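What follows is a single structure, written as C-alpha coordinates, with notes after it.
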Number of protein chains: 2
Amino acid sequence: MKSKQETKQPEIRRKKTAEERRQDILEAALNIFTEKGYNGSTTAEIARGAGVAEGTIFRHFATKKELLIAVLSPKILEGIISLDKKHKDPVEFFRCFMKNRMEFIKENDGLVRFMFAEAQYHDEVREALSNGILGQGINIVQPWFEKGVKQGVFKPVPFPSVMRTFMGMVLFYGVFNHVFPGLSPENTIEEATDQTLEIFLHGLMVKEAKT
Amino acid sequence: MKSKQETKQPEIRRKKTAEERRQDILEAALNIFTEKGYNGSTTAEIARGAGVAEGTIFRHFATKKELLIAVLSPKILEGIISLDKKHKDPVEFFRCFMKNRMEFIKENDGLVRFMFAEAQYHDEVREALSNGILGQGINIVQPWFEKGVKQGVFKPVPFPSVMRTFMGMVLFYGVFNHVFPGLSPENTIEEATDQTLEIFLHGLMVKEAKT
DNA sequence: AATGTAAGTGAGTAATCACTCATTAATATT
DNA sequence: AATATTAATGAGTGATTACTCACTTACATT
(Lines give C-alpha, C1' and ligand atoms only; values in the text may rest on other atoms or scores of the structure.)
Protein backbone atom coordinates (compact mmCIF):
# COMPACT_ATOMS: atom_id res chain seq x y z
CA MET A 1 0.00 0.00 0.00
CA LYS A 2 1.31 3.38 -1.00
CA SER A 3 -1.40 5.22 0.88
CA LYS A 4 0.49 7.80 2.87
CA GLN A 5 2.77 8.81 0.07
CA GLU A 6 0.10 9.23 -2.58
CA THR A 7 -2.95 10.48 -0.76
CA LYS A 8 -0.96 13.31 0.69
CA GLN A 9 0.61 15.87 -1.59
CA PRO A 10 3.57 14.27 -3.29
CA GLU A 11 5.46 17.38 -4.26
CA ILE A 12 4.32 20.64 -2.80
CA ARG A 13 6.60 20.85 0.17
CA ARG A 14 9.74 22.78 0.69
CA LYS A 15 11.53 23.39 -2.55
CA LYS A 16 11.85 27.08 -2.12
CA THR A 17 13.47 29.12 0.54
CA ALA A 18 11.37 31.12 2.92
CA GLU A 19 12.40 34.23 1.09
CA GLU A 20 11.22 32.89 -2.23
CA ARG A 21 7.84 31.99 -0.75
CA ARG A 22 7.63 35.47 0.62
CA GLN A 23 8.23 36.89 -2.81
CA ASP A 24 5.59 34.61 -4.32
CA ILE A 25 3.08 35.92 -1.84
CA LEU A 26 4.06 39.53 -2.41
CA GLU A 27 3.77 39.11 -6.15
CA ALA A 28 0.36 37.47 -5.98
CA ALA A 29 -0.83 40.07 -3.50
CA LEU A 30 0.25 42.88 -5.78
CA ASN A 31 -1.62 41.40 -8.72
CA ILE A 32 -4.83 40.83 -6.83
CA PHE A 33 -4.67 44.09 -4.94
CA THR A 34 -4.23 46.13 -8.09
CA GLU A 35 -7.10 44.35 -9.75
CA LYS A 36 -9.67 44.35 -6.96
CA GLY A 37 -8.41 46.82 -4.41
CA TYR A 38 -7.30 46.09 -0.88
CA ASN A 39 -10.71 45.57 0.68
CA GLY A 40 -11.94 43.72 -2.37
CA SER A 41 -9.19 41.11 -2.19
CA THR A 42 -9.25 38.13 0.13
CA THR A 43 -6.32 36.39 1.71
CA ALA A 44 -7.71 33.12 0.36
CA GLU A 45 -7.44 34.43 -3.17
CA ILE A 46 -3.94 35.72 -2.63
CA ALA A 47 -2.91 32.36 -1.23
CA ARG A 48 -4.33 30.64 -4.27
CA GLY A 49 -2.51 33.05 -6.54
CA ALA A 50 0.76 32.44 -4.75
CA GLY A 51 0.27 28.68 -4.69
CA VAL A 52 0.44 28.44 -0.93
CA ALA A 53 -1.96 27.68 1.86
CA GLU A 54 -3.75 30.55 3.47
CA GLY A 55 -1.96 29.94 6.75
CA THR A 56 1.37 30.43 5.04
CA ILE A 57 0.54 34.03 4.36
CA PHE A 58 0.18 34.69 8.05
CA ARG A 59 3.46 33.01 8.78
CA HIS A 60 5.16 35.65 6.67
CA PHE A 61 2.90 38.61 7.42
CA ALA A 62 1.13 39.12 10.71
CA THR A 63 -1.92 40.80 9.19
CA LYS A 64 -3.38 41.56 5.82
CA LYS A 65 -2.52 45.19 6.25
CA GLU A 66 1.08 44.35 6.93
CA LEU A 67 1.03 42.53 3.63
CA LEU A 68 -0.27 45.66 1.94
CA ILE A 69 2.54 47.74 3.38
CA ALA A 70 5.09 45.11 2.43
CA VAL A 71 3.76 45.09 -1.11
CA LEU A 72 3.98 48.83 -1.56
CA SER A 73 7.08 49.79 0.38
CA PRO A 74 9.69 48.63 -2.11
CA LYS A 75 7.59 49.71 -5.07
CA ILE A 76 7.25 53.24 -3.86
CA LEU A 77 10.88 54.08 -4.32
CA GLU A 78 11.56 51.73 -7.18
CA GLY A 79 12.30 53.58 -10.35
CA ILE A 80 12.53 56.89 -8.57
CA ILE A 81 16.22 56.60 -8.13
CA SER A 82 17.10 55.56 -11.62
CA LEU A 83 18.15 59.07 -12.57
CA ASP A 84 21.79 58.24 -12.81
CA LYS A 85 22.88 60.29 -15.78
CA LYS A 86 24.36 63.65 -15.16
CA HIS A 87 22.22 66.17 -16.96
CA LYS A 88 23.79 69.36 -18.19
CA ASP A 89 20.88 71.77 -17.95
CA PRO A 90 17.51 71.97 -16.19
CA VAL A 91 15.45 71.69 -19.35
CA GLU A 92 17.30 68.57 -20.36
CA PHE A 93 16.71 67.19 -16.87
CA PHE A 94 12.96 67.74 -16.98
CA ARG A 95 12.77 66.16 -20.40
CA CYS A 96 14.56 63.03 -19.24
CA PHE A 97 12.76 62.92 -15.92
CA MET A 98 9.32 63.15 -17.48
CA LYS A 99 10.11 60.55 -20.10
CA ASN A 100 11.52 58.29 -17.42
CA ARG A 101 8.50 58.73 -15.16
CA MET A 102 5.98 58.20 -17.92
CA GLU A 103 7.66 55.03 -19.05
CA PHE A 104 7.62 53.76 -15.50
CA ILE A 105 3.95 54.59 -15.19
CA LYS A 106 3.13 52.99 -18.49
CA GLU A 107 4.76 49.78 -17.34
CA ASN A 108 3.52 49.83 -13.75
CA ASP A 109 0.20 51.33 -14.61
CA GLY A 110 -1.95 49.17 -12.33
CA LEU A 111 0.39 49.59 -9.41
CA VAL A 112 0.50 53.35 -9.65
CA ARG A 113 -3.26 53.65 -9.87
CA PHE A 114 -3.65 51.26 -6.98
CA MET A 115 -1.27 53.23 -4.79
CA PHE A 116 -3.07 56.48 -5.28
CA ALA A 117 -6.49 54.88 -4.94
CA GLU A 118 -5.67 53.24 -1.63
CA ALA A 119 -3.94 56.36 -0.42
CA GLN A 120 -7.44 57.80 -0.17
CA TYR A 121 -8.36 55.39 2.59
CA HIS A 122 -5.23 54.18 4.37
CA ASP A 123 -3.07 56.51 6.39
CA GLU A 124 -0.16 54.13 6.10
CA VAL A 125 -0.24 54.19 2.32
CA ARG A 126 -0.54 57.93 2.30
CA GLU A 127 2.44 58.29 4.57
CA ALA A 128 4.52 55.83 2.63
CA LEU A 129 3.69 57.68 -0.57
CA SER A 130 4.36 61.03 0.99
CA ASN A 131 7.67 60.05 2.50
CA GLY A 132 8.81 57.99 -0.46
CA ILE A 133 7.69 59.71 -3.60
CA LEU A 134 7.49 63.23 -2.41
CA GLY A 135 10.61 63.08 -0.32
CA GLN A 136 12.72 61.61 -3.06
CA GLY A 137 10.94 63.54 -5.76
CA ILE A 138 11.59 66.85 -4.10
CA ASN A 139 15.21 66.00 -3.50
CA ILE A 140 15.67 65.35 -7.18
CA VAL A 141 13.44 67.93 -8.81
CA GLN A 142 13.76 70.97 -6.61
CA PRO A 143 17.48 71.61 -7.13
CA TRP A 144 17.09 71.40 -10.88
CA PHE A 145 14.09 73.67 -10.84
CA GLU A 146 15.85 76.25 -8.72
CA LYS A 147 18.91 76.05 -10.87
CA GLY A 148 16.69 76.76 -13.84
CA VAL A 149 15.15 79.75 -12.12
CA LYS A 150 18.57 81.14 -11.28
CA GLN A 151 19.69 80.69 -14.86
CA GLY A 152 16.63 82.59 -16.00
CA VAL A 153 15.18 79.75 -18.06
CA PHE A 154 12.35 78.92 -15.64
CA LYS A 155 9.77 81.28 -14.27
CA PRO A 156 9.83 81.73 -10.50
CA VAL A 157 6.58 79.81 -10.03
CA PRO A 158 6.24 78.49 -6.45
CA PHE A 159 7.81 75.09 -6.38
CA PRO A 160 4.77 73.23 -4.95
CA SER A 161 2.77 74.29 -7.97
CA VAL A 162 5.48 73.07 -10.28
CA MET A 163 5.61 69.75 -8.50
CA ARG A 164 1.84 69.48 -8.44
CA THR A 165 1.25 70.21 -12.09
CA PHE A 166 4.14 68.03 -13.14
CA MET A 167 2.93 65.09 -11.08
CA GLY A 168 -0.65 65.64 -12.15
CA MET A 169 0.19 65.56 -15.84
CA VAL A 170 2.43 62.56 -15.51
CA LEU A 171 0.39 60.46 -13.11
CA PHE A 172 -2.87 61.14 -14.82
CA TYR A 173 -1.46 59.58 -17.96
CA GLY A 174 -2.17 56.11 -16.55
CA VAL A 175 -5.50 57.02 -15.02
CA PHE A 176 -6.70 58.70 -18.17
CA ASN A 177 -6.04 55.72 -20.36
CA HIS A 178 -7.69 53.40 -17.89
CA VAL A 179 -10.79 55.41 -17.10
CA PHE A 180 -11.24 56.85 -20.55
CA PRO A 181 -10.16 54.15 -22.94
CA GLY A 182 -10.68 54.75 -26.61
CA LEU A 183 -9.36 58.27 -26.32
CA SER A 184 -5.87 58.91 -27.62
CA PRO A 185 -6.04 55.65 -29.54
CA GLU A 186 -2.58 55.11 -30.90
CA ASN A 187 -0.70 57.42 -28.66
CA THR A 188 2.78 56.07 -28.11
CA ILE A 189 4.64 56.95 -24.95
CA GLU A 190 7.00 59.06 -26.99
CA GLU A 191 4.21 61.13 -28.47
CA ALA A 192 2.41 61.45 -25.18
CA THR A 193 5.60 62.48 -23.44
CA ASP A 194 6.52 65.00 -26.08
CA GLN A 195 3.10 66.59 -26.08
CA THR A 196 2.91 66.65 -22.30
CA LEU A 197 6.36 68.13 -22.03
CA GLU A 198 5.56 70.72 -24.66
CA ILE A 199 2.64 71.96 -22.61
CA PHE A 200 4.55 71.78 -19.36
CA LEU A 201 7.50 73.74 -20.65
CA HIS A 202 5.99 76.06 -23.24
CA GLY A 203 2.27 76.03 -22.63
CA LEU A 204 -0.67 75.62 -24.91
CA MET A 205 -0.51 79.10 -26.34
CA VAL A 206 1.69 80.12 -29.21
CA LYS A 207 4.36 82.62 -28.29
CA GLU A 208 3.23 85.38 -30.60
CA ALA A 209 -0.16 85.53 -28.95
CA LYS A 210 1.31 87.38 -26.00
CA THR A 211 -1.19 89.57 -24.21
CA MET B 1 -49.24 47.49 31.63
CA LYS B 2 -47.99 49.80 28.97
CA SER B 3 -45.79 47.17 27.45
CA LYS B 4 -46.57 47.31 23.76
CA GLN B 5 -46.64 51.05 23.46
CA GLU B 6 -43.41 51.75 25.32
CA THR B 7 -41.15 48.89 24.47
CA LYS B 8 -41.57 49.66 20.80
CA GLN B 9 -40.32 52.92 19.34
CA PRO B 10 -42.62 55.77 20.27
CA GLU B 11 -41.70 58.32 17.63
CA ILE B 12 -39.53 57.25 14.77
CA ARG B 13 -42.12 56.45 12.14
CA ARG B 14 -43.18 58.21 9.02
CA LYS B 15 -42.49 61.95 9.16
CA LYS B 16 -40.71 62.16 5.87
CA THR B 17 -41.70 61.24 2.38
CA ALA B 18 -40.13 58.25 0.71
CA GLU B 19 -38.10 60.60 -1.44
CA GLU B 20 -36.70 62.40 1.58
CA ARG B 21 -35.67 59.10 3.12
CA ARG B 22 -33.98 58.19 -0.10
CA GLN B 23 -32.02 61.40 -0.02
CA ASP B 24 -31.02 60.80 3.60
CA ILE B 25 -29.64 57.42 2.63
CA LEU B 26 -27.82 58.79 -0.40
CA GLU B 27 -26.26 61.54 1.66
CA ALA B 28 -25.09 59.19 4.39
CA ALA B 29 -23.79 56.73 1.82
CA LEU B 30 -21.79 59.44 0.10
CA ASN B 31 -20.18 60.52 3.36
CA ILE B 32 -19.24 57.03 4.42
CA PHE B 33 -18.16 55.91 0.97
CA THR B 34 -15.84 58.85 0.51
CA GLU B 35 -14.30 58.28 3.90
CA LYS B 36 -13.83 54.52 3.87
CA GLY B 37 -14.26 53.47 0.28
CA TYR B 38 -16.98 51.29 -1.16
CA ASN B 39 -15.73 47.95 0.12
CA GLY B 40 -14.71 49.47 3.42
CA SER B 41 -18.20 50.75 4.17
CA THR B 42 -20.99 48.62 5.58
CA THR B 43 -24.70 48.98 4.96
CA ALA B 44 -25.19 48.90 8.72
CA GLU B 45 -23.03 51.99 9.07
CA ILE B 46 -24.79 53.78 6.26
CA ALA B 47 -28.15 53.00 7.84
CA ARG B 48 -26.93 54.41 11.13
CA GLY B 49 -25.68 57.51 9.37
CA ALA B 50 -28.99 58.00 7.63
CA GLY B 51 -30.99 57.33 10.78
CA VAL B 52 -32.91 54.42 9.28
CA ALA B 53 -33.03 50.69 9.76
CA GLU B 54 -30.78 48.60 7.61
CA GLY B 55 -33.77 47.04 5.89
CA THR B 56 -34.91 50.45 4.74
CA ILE B 57 -31.84 50.81 2.58
CA PHE B 58 -32.78 47.71 0.66
CA ARG B 59 -36.32 48.94 0.17
CA HIS B 60 -34.88 51.90 -1.74
CA PHE B 61 -31.89 50.20 -3.37
CA ALA B 62 -31.83 46.57 -4.37
CA THR B 63 -28.15 46.08 -3.67
CA LYS B 64 -25.24 47.94 -2.17
CA LYS B 65 -23.77 48.43 -5.59
CA GLU B 66 -26.97 49.98 -6.84
CA LEU B 67 -26.62 52.42 -3.99
CA LEU B 68 -23.11 53.25 -5.15
CA ILE B 69 -24.32 53.98 -8.65
CA ALA B 70 -27.20 56.04 -7.33
CA VAL B 71 -24.80 58.06 -5.20
CA LEU B 72 -22.46 58.87 -8.04
CA SER B 73 -24.77 59.30 -11.01
CA PRO B 74 -26.12 62.74 -10.18
CA LYS B 75 -22.78 63.91 -8.83
CA ILE B 76 -20.92 63.06 -11.96
CA LEU B 77 -22.57 65.70 -14.06
CA GLU B 78 -23.20 68.19 -11.31
CA GLY B 79 -21.14 71.28 -11.71
CA ILE B 80 -20.02 70.28 -15.15
CA ILE B 81 -22.81 72.16 -16.80
CA SER B 82 -22.51 75.37 -14.87
CA LEU B 83 -20.63 77.05 -17.69
CA ASP B 84 -23.43 79.36 -18.60
CA LYS B 85 -21.60 82.54 -19.38
CA LYS B 86 -20.79 83.30 -22.95
CA HIS B 87 -17.07 83.62 -23.20
CA LYS B 88 -15.62 85.80 -25.88
CA ASP B 89 -12.34 84.06 -26.62
CA PRO B 90 -10.76 80.64 -26.04
CA VAL B 91 -8.17 81.85 -23.56
CA GLU B 92 -10.85 83.51 -21.49
CA PHE B 93 -12.83 80.28 -21.63
CA PHE B 94 -9.97 78.14 -20.35
CA ARG B 95 -9.30 80.59 -17.58
CA CYS B 96 -12.91 80.47 -16.40
CA PHE B 97 -13.23 76.78 -16.92
CA MET B 98 -10.16 75.92 -14.91
CA LYS B 99 -11.10 78.27 -12.10
CA ASN B 100 -14.59 76.81 -12.09
CA ARG B 101 -13.34 73.22 -12.07
CA MET B 102 -10.79 73.79 -9.35
CA GLU B 103 -13.32 75.45 -7.12
CA PHE B 104 -15.64 72.53 -7.62
CA ILE B 105 -12.86 70.11 -6.78
CA LYS B 106 -11.84 72.07 -3.73
CA GLU B 107 -15.39 71.89 -2.43
CA ASN B 108 -16.12 68.31 -3.44
CA ASP B 109 -12.66 67.10 -2.79
CA GLY B 110 -13.58 63.81 -1.12
CA LEU B 111 -16.16 62.97 -3.73
CA VAL B 112 -13.81 63.52 -6.63
CA ARG B 113 -11.05 61.45 -5.09
CA PHE B 114 -13.55 58.73 -4.28
CA MET B 115 -14.87 58.60 -7.83
CA PHE B 116 -11.46 58.18 -9.36
CA ALA B 117 -10.34 55.72 -6.71
CA GLU B 118 -13.35 53.46 -7.19
CA ALA B 119 -13.11 53.82 -10.95
CA GLN B 120 -10.03 51.62 -10.64
CA TYR B 121 -12.11 48.68 -9.52
CA HIS B 122 -15.69 49.06 -10.71
CA ASP B 123 -16.58 48.98 -14.37
CA GLU B 124 -19.85 50.76 -13.68
CA VAL B 125 -18.10 53.70 -12.07
CA ARG B 126 -15.61 53.87 -14.88
CA GLU B 127 -18.35 53.90 -17.46
CA ALA B 128 -20.37 56.48 -15.61
CA LEU B 129 -17.29 58.68 -15.32
CA SER B 130 -16.38 58.14 -18.93
CA ASN B 131 -19.83 58.87 -20.27
CA GLY B 132 -20.52 61.71 -17.86
CA ILE B 133 -17.38 63.70 -17.38
CA LEU B 134 -15.58 62.93 -20.56
CA GLY B 135 -18.64 63.15 -22.74
CA GLN B 136 -19.73 66.47 -21.35
CA GLY B 137 -16.19 67.69 -20.92
CA ILE B 138 -15.32 67.06 -24.52
CA ASN B 139 -18.48 68.71 -25.72
CA ILE B 140 -17.57 71.84 -23.85
CA VAL B 141 -13.82 71.99 -24.19
CA GLN B 142 -13.13 70.73 -27.68
CA PRO B 143 -14.96 73.45 -29.62
CA TRP B 144 -13.18 76.15 -27.68
CA PHE B 145 -9.83 74.48 -28.15
CA GLU B 146 -10.36 74.11 -31.88
CA LYS B 147 -11.54 77.65 -32.16
CA GLY B 148 -8.33 78.72 -30.46
CA VAL B 149 -6.26 76.67 -32.87
CA LYS B 150 -8.04 78.22 -35.84
CA GLN B 151 -7.47 81.67 -34.45
CA GLY B 152 -3.81 80.87 -34.08
CA VAL B 153 -3.65 81.37 -30.33
CA PHE B 154 -3.37 77.68 -29.47
CA LYS B 155 -0.83 75.24 -30.77
CA PRO B 156 -2.26 72.34 -32.75
CA VAL B 157 -1.49 69.81 -30.02
CA PRO B 158 -3.66 66.67 -30.39
CA PHE B 159 -6.81 67.27 -28.42
CA PRO B 160 -6.57 64.13 -26.23
CA SER B 161 -3.26 65.38 -24.89
CA VAL B 162 -4.77 68.75 -24.14
CA MET B 163 -7.66 67.14 -22.33
CA ARG B 164 -5.39 64.77 -20.48
CA THR B 165 -2.91 67.35 -19.24
CA PHE B 166 -5.69 69.76 -18.35
CA MET B 167 -7.59 67.15 -16.37
CA GLY B 168 -4.44 65.86 -14.77
CA MET B 169 -3.40 69.26 -13.50
CA VAL B 170 -6.85 70.11 -12.26
CA LEU B 171 -7.85 66.80 -10.74
CA PHE B 172 -4.53 66.25 -9.10
CA TYR B 173 -5.02 69.43 -7.13
CA GLY B 174 -7.31 67.59 -4.71
CA VAL B 175 -5.24 64.43 -4.59
CA PHE B 176 -2.02 66.33 -4.06
CA ASN B 177 -3.29 68.22 -1.06
CA HIS B 178 -4.73 65.07 0.45
CA VAL B 179 -1.81 62.74 -0.10
CA PHE B 180 0.90 65.31 0.42
CA PRO B 181 -0.39 67.64 3.10
CA GLY B 182 1.96 70.23 4.42
CA LEU B 183 3.11 71.13 0.95
CA SER B 184 1.77 74.33 -0.55
CA PRO B 185 0.75 75.46 2.93
CA GLU B 186 -1.20 78.61 2.40
CA ASN B 187 -2.08 78.16 -1.21
CA THR B 188 -5.45 79.71 -1.92
CA ILE B 189 -7.55 78.41 -4.79
CA GLU B 190 -6.91 81.65 -6.61
CA GLU B 191 -3.16 81.30 -6.37
CA ALA B 192 -3.24 77.63 -7.24
CA THR B 193 -5.49 78.28 -10.20
CA ASP B 194 -3.38 81.15 -11.47
CA GLN B 195 -0.16 79.19 -11.20
CA THR B 196 -1.67 76.11 -12.79
CA LEU B 197 -3.16 78.14 -15.58
CA GLU B 198 0.11 79.94 -16.14
CA ILE B 199 1.88 76.66 -16.70
CA PHE B 200 -0.93 75.24 -18.80
CA LEU B 201 -1.12 78.26 -21.09
CA HIS B 202 2.44 79.58 -21.14
CA GLY B 203 4.59 76.80 -19.75
CA LEU B 204 7.29 76.79 -17.15
CA MET B 205 9.94 78.33 -19.34
CA VAL B 206 10.39 82.01 -19.90
CA LYS B 207 9.75 83.11 -23.45
CA GLU B 208 13.19 84.49 -24.15
CA ALA B 209 14.78 81.13 -23.48
CA LYS B 210 13.64 79.89 -26.87
CA THR B 211 15.83 77.17 -28.27
C1' DA C 1 -64.53 53.32 11.88
C1' DA C 2 -62.92 49.89 8.82
C1' DT C 3 -59.81 48.56 5.43
C1' DG C 4 -56.02 48.67 2.12
C1' DT C 5 -51.51 50.03 0.94
C1' DA C 6 -47.02 51.61 1.09
C1' DA C 7 -43.04 52.42 4.19
C1' DG C 8 -40.21 51.04 7.82
C1' DT C 9 -38.33 47.79 10.99
C1' DG C 10 -34.73 44.73 13.08
C1' DA C 11 -33.93 40.03 14.30
C1' DG C 12 -32.44 36.45 11.53
C1' DT C 13 -29.45 33.97 7.81
C1' DA C 14 -26.23 32.03 4.90
C1' DA C 15 -22.02 33.33 3.19
C1' DT C 16 -17.66 35.11 3.70
C1' DC C 17 -13.83 37.03 6.05
C1' DA C 18 -9.14 37.41 8.41
C1' DC C 19 -6.80 34.83 11.28
C1' DT C 20 -5.47 30.46 14.48
C1' DC C 21 -3.55 26.17 15.67
C1' DA C 22 -2.70 21.36 16.04
C1' DT C 23 -0.54 18.48 12.91
C1' DT C 24 2.75 17.09 9.32
C1' DA C 25 6.77 17.34 6.84
C1' DA C 26 11.31 19.01 5.24
C1' DT C 27 15.71 20.36 6.57
C1' DA C 28 19.70 21.20 9.98
C1' DT C 29 22.28 19.52 13.79
C1' DT C 30 24.09 16.12 16.57
C1' DA D 1 20.05 7.60 13.07
C1' DA D 2 17.99 10.42 16.30
C1' DT D 3 16.51 14.85 17.42
C1' DA D 4 15.50 19.74 16.98
C1' DT D 5 14.06 23.41 14.27
C1' DT D 6 11.77 25.66 10.95
C1' DA D 7 8.22 25.86 7.28
C1' DA D 8 3.83 24.73 5.52
C1' DT D 9 -0.66 23.13 5.86
C1' DG D 10 -5.88 23.43 5.84
C1' DA D 11 -9.78 22.54 8.68
C1' DG D 12 -11.70 25.29 12.05
C1' DT D 13 -13.42 29.83 14.47
C1' DG D 14 -15.66 33.81 15.82
C1' DA D 15 -16.78 38.01 13.81
C1' DT D 16 -18.78 40.46 10.18
C1' DT D 17 -21.23 40.92 5.94
C1' DA D 18 -25.05 41.99 2.52
C1' DC D 19 -29.42 40.93 2.24
C1' DT D 20 -34.37 38.82 3.67
C1' DC D 21 -38.82 38.63 5.61
C1' DA D 22 -42.58 38.37 8.80
C1' DC D 23 -44.37 41.89 11.09
C1' DT D 24 -45.71 46.63 12.57
C1' DT D 25 -47.14 51.16 11.69
C1' DA D 26 -48.60 55.57 9.23
C1' DC D 27 -51.42 57.29 6.15
C1' DA D 28 -55.20 57.33 2.31
C1' DT D 29 -59.65 55.90 0.86
C1' DT D 30 -64.08 54.51 1.69
Side-chain angles (χ1 to χ4, degrees), chain A residues 2-29 32-33 36-71 118 121-122 124, chain B residues 2-29 32-33 36-71 118 121-122 124:
Chain A
K2 45 187 179 176
S3 63
K4 275 241 168 110
Q5 268 122 344
E6 295 243 328
T7 53
K8 296 284 174 182
Q9 310 76 358
E11 52 184 341
I12 30 165
R13 291 288 163 178
R14 213 101 46 90
K15 5 198 63 171
K16 297 181 170 184
T17 69
E19 183 54 29
E20 284 171 326
R21 276 273 137 86
R22 208 186 122 96
Q23 289 307 321
D24 287 348
I25 294 168
L26 284 173
E27 193 184 322
I32 304 200
F33 279 160
K36 309 197 171 186
Y38 174 75
N39 277 320
S41 308
T42 69
T43 50
E45 200 175 2
I46 294 169
R48 214 179 312 128
V52 301
E54 207 174 344
T56 307
I57 289 181
F58 293 96
R59 181 160 298 276
H60 289 271
F61 308 94
T63 64
K64 189 187 173 193
K65 193 146 221 167
E66 199 172 277
L67 176 58
L68 170 68
I69 307 298
V71 164
E118 297 300 329
Y121 311 126
H122 306 284
E124 305 92 331
Chain B
K2 45 187 179 174
S3 63
K4 272 225 169 134
Q5 269 122 339
E6 294 244 327
T7 52
K8 297 282 174 183
Q9 310 76 359
E11 51 181 345
I12 30 167
R13 292 286 161 178
R14 213 102 45 92
K15 4 198 67 169
K16 297 182 172 185
T17 70
E19 183 54 30
E20 285 170 327
R21 277 271 136 87
R22 209 185 121 97
Q23 290 306 322
D24 287 348
I25 294 169
L26 284 173
E27 195 185 319
I32 304 199
F33 279 160
K36 309 199 170 183
Y38 174 74
N39 278 319
S41 307
T42 70
T43 50
E45 200 176 1
I46 294 169
R48 213 178 312 127
V52 301
E54 207 173 344
T56 307
I57 289 182
F58 293 96
R59 185 161 294 277
H60 290 272
F61 308 94
T63 63
K64 189 188 173 191
K65 193 147 220 168
E66 201 172 275
L67 176 58
L68 169 68
I69 307 298
V71 164
E118 297 300 329
Y121 312 126
H122 306 284
E124 306 92 331

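Residue numbers begin at 1 in each chain, while the letters A, B, ... track the order of the sequences. Note that the structure is a prediction, hence the values are computed from the model and not measured.
- Here C/dA26 presents its P atom at 16 Å from CZ of A/R59, a figure rounded to the nearest Å.
- The distance from the NZ atom of B/K65 to the CD atom of B/E124 is 4.0 Å, given to the nearest 0.5 Å.
- Distance, A/I57 CD1 to D/dA11 P: 16 Å, rounded to whole Å.
- Atom OG1 of A/T63 is separated from atom CG of A/L68 by 9.0 Å, given to the nearest 0.5 angstrom.
- The main-chain N or O of A/D24 is never found under 3.5 Å from a side-chain atom of A/E27 such that the two would form a donor-acceptor pair.
- Between the P atom of C/dG10 and the CZ atom of B/F58 lies a distance of 15 Å, rounded to the nearest Å.
- Taking every side-chain heavy atom of B/A18 into account, C/dA7 is the closest of C/dG10, D/dA8, C/dA7.
- Applying the side chain to side chain donor-acceptor pair (under 3.5 Å) rule to B/N39 yields no partners; only residues at least two apart in sequence or on another chain are considered.
- One atom, CD of A/E19, and another, P of D/dA8, lie 11 Å apart when rounded to the nearest Å.
- Note: A/Y38 and A/H122 have perpendicular aromatic rings, judged against thresholds of 30 and 60 degrees for the angle between ring planes.
- Residue B/I32 contributes atom CD1, which lies 15 Å from atom C1' of D/dA18 at whole-angstrom precision.
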I need a per-nucleotide contact map over nucleotides 11-16 of chain C, read 5' to 3'. Cutoff is protein heavy atoms under 4.0 Å; write B for the base, S for backbone only, - otherwise. ------

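- Annotation: side-chain contact (heavy atoms from CB on, under 4.5 Å) contacts of B/L26 (sequence neighbours excluded): B/R22, B/Q23, B/F61, B/L67, B/A70, B/V71.
- One distance of note links NZ of A/K64 with OG1 of A/T42; it measures 7.5 Å at 0.5 Å rounding.
- When distances are taken from the side chain of B/T56 to each of C/dG8, C/dA18, C/dG10, the shortest belongs to C/dG8.
- Distance CZ (A/R21) to P (C/dT27): 11 Å, rounded to an integer number of Å.
- Here A/E66 pairs with nothing under the salt bridge (charged side-chain N to carboxylate O under 4.0 Å, His left out) rule; sequence neighbours left out.
- Note that the two end axes of the helix from C/dA1-D/dT30 to C/dT30-D/dA1 enclose an angle of 0°, each drawn from 5 base pairs, rounded to 10 degrees.
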Would you tabulate the side-chain donor-acceptor contacts of residues 44-54 of chain B under 3.5 Å, counting partners in other chains and residues two or more places apart, or write 'none'?
residue: B/E45; atom: OE2; partner: B/K36; partner atom: NZ; Å: 2.9
residue: B/E54; atom: OE2; partner: B/T43; partner atom: OG1; Å: 2.8

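- Distance CZ (B/F61) to P (D/dT20): 15 Å, rounded to an integer number of Å.
- Residue A/K64 contributes atom NZ, which lies 13 Å from atom C1' of D/dT16 at whole-angstrom precision.
- The phosphate of C/dG8 has OP1 or OP2 within less than 4.0 Å of a side-chain N or O from B/H60.
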